[in-house]
Amino acid sequence: MFNQNQHRIGFACKIQSQLGTAHKDLNTKSTTITHLKTLERTVAYNKLYGIAKNNLTTLLAQVKWVAQQPPHLRMFRISSDILPAYTHDDYTWVYFDPEMLKLLESGFAAVGELARANDVRLSFHPAQYCVLASDNPGVVENSIYEFEYHADMIRYMGYGRTFQDFKCNVHVGGKRGPDGIKEAMRSLSSEARNCLTIENAEFTWGLDASLELVDTCALVLDIHHHWIMSGEYIKPTDARFKRVMDSWRGVRPVIHYSVSREEHVPTHSTSVKPDLAALKAGGLTSAKLRAHSDMYWNQACNAWAYSFNEFADIMCESKEKNIASFKFANEFIKF
DNA sequence: GAGGGTCAAGTCCGT
DNA sequence: ACGGACTTGACCCTC
């Protein structure tokens with residue numbers, strides 16, 4: 001378990017070496033199902049084995065890179081792309097082959113040990129296809145399978161043993177809402193249940209829906225999503241945030257922070273938080289405002305987001321990844 | 001090496 | 001009906 005007293009600011013999935021440039025050798029590889037289907041069985045296996053081996057080496061290097069940062073920057077969301085096609089019916093067998101299993105066990109174990117030794121807080125965020133509350137039973141079944149893919153990696157890394165020693169976050173999604181999450185929860189493994197977090201989204205299922213799940217799983221407050229939905233800059237002292245914190249049962253919570261793209265905000269003012277009603281009156285849509293910025297360009301928003309760091313770690317979602325989150329952190333934390 | 005077409009999957013918004 | 005947005009543009013083929 002990571003140090004509960006350490007305040008953190010994290011970033012997601014990819015490491016940039018400089019503005020606009022992915023770090024060479026420090027990002028994962030993938031392939032496509034279409035391409036795999038053109039390959040013979042053993043060639044496809046070798047292809048996936050090579051990618052898995054590469055990605056495990058890369059993941060270890062990523063965590064090592066994060067571990068070398070100051071303690072307050074040691075938080076990282078791992079890409080879901082580590083093992084391509086894991087949940088595709090035609091290729092699942094690849095990942096249960098004995099040689100592959102050996103690779104996965106040793107590779108992920110090394111990552112977990114490195115993270116624990118250096119107090120790096122890790123998480124996953126399954127992609128948009130993981131919709132546990134869909135009204136389509138087939139989609140729910142696939143989503144549970146997709147979630148358990150992440151739980152497998154979590155287990156290999158040595159997490160999922162205690163409540164929220166690792167965060168695996170999804171939105172409510174689908175038409176069934178919180179009730180659908182509660183029902184899907186019953187089909188998840190214990191590691192998956194320990195790690196599941198639910199995040200409020202911009203549209204259908206927002207903070208109020210999330211709060212129906214306070215006793216089901218830990219809740220992630222996405223402060224930008226909540227702003228898109230309500231126009232409100234929610235405060236850490238808000239009673240609803242207190243309930244969100246309670247859902248973590250003593251573990252240090254995580255919130256998500258992103259901002260709208262600067263080019264969509266006509267004032268470009270960096271010292272005033274955008275006014276949602278005014279932006280909409282000016283013709284901007286929620287869909288436009290939803291898109292994430294490259295950098296954290298608005299200092300007023302940054303101060304608002306940072307006010308949560310006393311209570312929760314902040315996962316940053318921006319196009320420039322570590323470049324953006326480190327600059328944001330440096331506005332407030334001198335190291 | 002560069003450029004363009006393509007990519008497993010869900011859901012919603014806006015045009 | 002379709003493109004774009006979301007957790008991350010990357011991969012693969014052709015020239």
Side-chain angles (χ1 to χ4, degrees), chain A residues 10-16 20-24 26-39 47-48 50-51 54-55 58-59 62 76-92 122-147 149-150 167-177 180 184 197-206 220 222 224-225 228-229 254 256-258 260-261 264 280 283-294 315-325:
Chain A
F11 66 101
C13 299
K14 232 180 88 177
I15 298 179
Q16 302 278 83
T21 310
H23 203 301
K24 194 176 173 301
L26 226 46
N27 286 298
T28 53
K29 294 191 190 311
S30 193
T31 186
T32 60
I33 302 295
T34 307
H35 177 62
L36 288 172
K37 281 182 174 164
T38 68
L39 306 177
K47 171 90 182 170
L48 289 172
I51 291 174
N54 171 83
N55 286 352
T58 300
L59 175 58
Q62 287 176 328
F76 179 61
R77 177 189 298 166
I78 302 172
S79 165
S80 292
D81 255 2
I82 304 291
L83 307 176
Y86 191 97
T87 58
H88 192 286
D89 282 346
D90 295 344
Y91 300 99
T92 294
L122 296 174
S123 64
F124 277 129
H125 193 333
Q128 59 268 42
Y129 314 106
C130 187
V131 187
L132 295 169
S134 174
D135 57 346
N136 178 338
V139 171
V140 174
E141 189 183 345
N142 289 343
S143 298
I144 288 170
Y145 198 34
E146 179 70 16
F147 201 90
Y149 153 53
H150 292 80
K167 154 177 169 266
C168 190
N169 177 70
V170 293
H171 304 180
V172 172
K175 295 241 183 343
R176 298 196 54 207
T197 63
I198 291 292
E199 170 187 0
N200 59 299
E202 311 93 318
F203 304 117
T204 325
W205 305 108
V220 168
D222 187 310
H224 182 65
H225 288 170
I228 298 260
M229 182 172 248
V254 177
H256 286 182
Y257 175 43
S258 55
S260 302
R261 298 191 64 77
H264 293 336
K280 285 191 168 174
L284 269 166
T285 63
S286 296
K288 269 250 160 58
L289 293 167
R290 174 192 203 193
H292 292 167
S293 65
D294 295 340
M315 175 49 74
C316 291
E317 296 174 330
S318 64
K319 298 298 177 194
E320 292 291 350
K321 307 301 178 195
N322 51 301
I323 304 287
S325 69

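Quick note on labels: first sequence line is chain A, next is B, and so on, each numbered from 1. Keep in mind that what you see is a predicted model, and the values were worked out from it rather than measured.
- Residue A:H35 places at least one side-chain N or O under 4.0 Å from the OP1 or OP2 atom of C:dC12.
- Of the candidate nucleotides C:dC6, C:dC12, C:dT8, C:dT8 has the atom nearest to the side chain of A:C13.
- Within 4.0 Å of A:A22, counting heavy atoms only, lies no atom of the nucleic acid at all.
- Each of A:A12 and A:T38 lies near DNA chain C, and the nucleotide nearest A:A12 is the one positioned closer to the 5' end.
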> Which nucleotides of nucleotides 9-15 of chain B have their base under 4.0 Å from a protein heavy atom (B), which only their sugar-phosphate (S), and which neither (-), written as one string 5' to 3'?
Replying inline: BBSSSSS
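- Distance CD1 (A:I323) to P (C:dT8): 15 Å, rounded to an integer number of Å.
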Identify all pairs in which a protein N or O lies below 3.5 Å from an N or O of nucleotides 3-7 of chain B, and state each distance.
none

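- Rounded to whole Å, the separation between the P atoms of C:dG3 and B:dT6 comes to 12 Å.
- Of the possible polar contacts, one joining the A:Y149 side chain to the A:S80 backbone as a donor-acceptor pair under 3.5 Å is found.
- Atom pair A:N169:CG and C:dT8:C1' shows a separation of 15 Å (rounding to whole Å applied).
- As a whole-Å value, the separation of A:K319 NZ from C:dA10 P is 11 Å.
- Taking 4.0 angstrom as the limit, A:K37 places none of its side-chain polar atoms (N or O) nearer than this to OP1 or OP2 of C:dC12.
- Taking atom P on both B:dA8 and C:dC13, the two are 13 Å apart, rounded to the nearest angstrom.
- Atom CG in A:L36 sits about 11 Å away from atom C1' in C:dC11, given to the nearest Å.
- Separating the NZ atom of A:K29 from the P atom of C:dG9 is a distance of 16 Å, rounded to the nearest angstrom.
- Comment: A:R261 engages A:D294 in a salt bridge, judged by a side-chain N to carboxylate O separation of less than 4.0 angstrom.
- Here the C1' atom of nucleotide C:dT8 and the CG atom of A:N27 are 9 Å apart, to the nearest Å.
- The pairing partner recorded for B:dA8 is none, the criterion being a Watson-Crick or G-U wobble arrangement whose two distances lie under 3.5 angstrom.
- Aromatic ring pairs are classed by plane angle as parallel below 30°, tilted from 30° to 60° and perpendicular above 60°; the pair A:H225 and A:H292 is parallel.
- B:dG5 and C:dG4: their P atoms are spaced 14 Å apart (whole Å).
- Between the NE2 atom of A:H171 and the C1' atom of C:dC6 there is a distance of 7 Å, given to the nearest Å.
- If you take CG on A:N55 and CG on A:N27, they are separated by 10.0 Å, rounding to the nearest 0.5 Å.
- Note: CG (A:L59) to P (C:dT8) measures 17 Å, nearest angstrom.
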